[in-house]
Amino acid sequence: MFKTVLVAADSSETAARAVSTAAELVKALGGRLHVVNAYKPEAVRVEKLPHEFSGTVPDPADVLLSDLRLAIEKEGVRAEYHAAKGDAAE
């Protein structure tokens, strides 16, 4: 029925339910699932971090998408994940 299902995700409980529902829909009806997280890069800067640790702090969007990937794969659904820099409303 659907070829593509796109769901936006953030760290809210509402978004978690939306992602879960989208995964259930794809599992039941087929299609491809795309999970997108939009974020402002300036909102995730780490200030005053010692130089030796500057490359070791994971991007919050990547952490969120990784967590969602684990939950979705546990349901037996394959998806594509996208971290989009910018305002979620754009």
Side-chain angles (χ1 to χ4, degrees):
M1 177 175 213
F2 296 102
K3 290 184 180 180
T4 303
V5 175
L6 173 72
V7 62
D10 59 22
S11 58
S12 70
E13 182 59 35
T14 303
R17 287 194 309 267
V19 170
S20 177
T21 300
E24 289 174 12
L25 183 65
V26 168
K27 187 173 184 176
L29 301 175
R32 301 188 88 190
L33 177 60
H34 291 263
V35 182
V36 179
N37 174 254
Y39 67 99
K40 293 182 181 179
E42 62 271 9
V44 296
R45 281 191 269 179
V46 179
E47 300 296 329
K48 299 180 182 177
L49 189 66
H51 176 67
E52 62 269 18
F53 297 111
S54 63
T56 62
V57 177
D59 188 302
D62 291 336
V63 172
L64 172 66
L65 292 175
S66 178
D67 291 346
L68 292 172
R69 178 186 307 269
L70 291 174
I72 291 169
E73 287 179 352
K74 190 184 288 187
E75 297 299 321
V77 175
R78 293 176 57 193
E80 293 185 39
Y81 302 85
H82 313 275
K85 294 180 184 177
D87 193 316
E90 292 178 357

Quiz item: If you take all heavy atoms of Leu64 and Ala9, which pair is closest and at what distance?
Solution: CD2-O, 4.0 Å

Self-check item: Gap between atom CG of Asp67 and atom CD1 of Ile72 - 0.5 Å precision
Solution: 11.0 Å

Quiz item: How many angstroms lie between atom CG of Asp62 and atom OH of Tyr81, to the nearest 0.5 angstrom?
Solution: 13.0 Å

Quiz item: Any sub-3.5 Å donor-acceptor pair from Asn37's side-chain atoms to Ala61's backbone N or O?
Solution: no

Practice problem: Each residue besides Leu6 in its hydrophobic cluster should be listed here, by chain and number; the cluster joins Ile, Leu, Val, Met, Phe, Trp and Tyr at side-chain heavy-atom distances under 4.5 Å. | Solution: Val36

Practice problem: Answer yes when Glu73 and Arg78 have at least one side-chain N-carboxylate O distance shorter than 4.0 Å, and no when they do not. | Solution: no

Exercise. Determine, using the 4.5 Å side-chain heavy-atom cutoff (strictly less than), whether Leu65 and Leu70 are members of one ILVMFWY cluster.
Key: no

If you look only at distance, which donor and acceptor atoms sit under 3.5 Å apart when one is on a side chain in residues 14-27 and the other is two or more places apart or in another chain?
| from | atom 1 | to | atom 2 | distance (Å) |
| --- | --- | --- | --- | --- |
| Thr21 | OG1 | Arg17 | O | 2.9 |
| Lys27 | NZ | Glu75 | O | 2.8 |

Quiz prompt | pair Arg32-Glu80: side-chain heavy atoms closer than 4.5 Å | solution = yes

Quiz item: Which pairs count as ring pair (Phe, Tyr, Trp, His ring centres under 6.0 Å) when at least one residue sits in residues 12-38, sequence neighbours excluded?
Solution: His34-His82

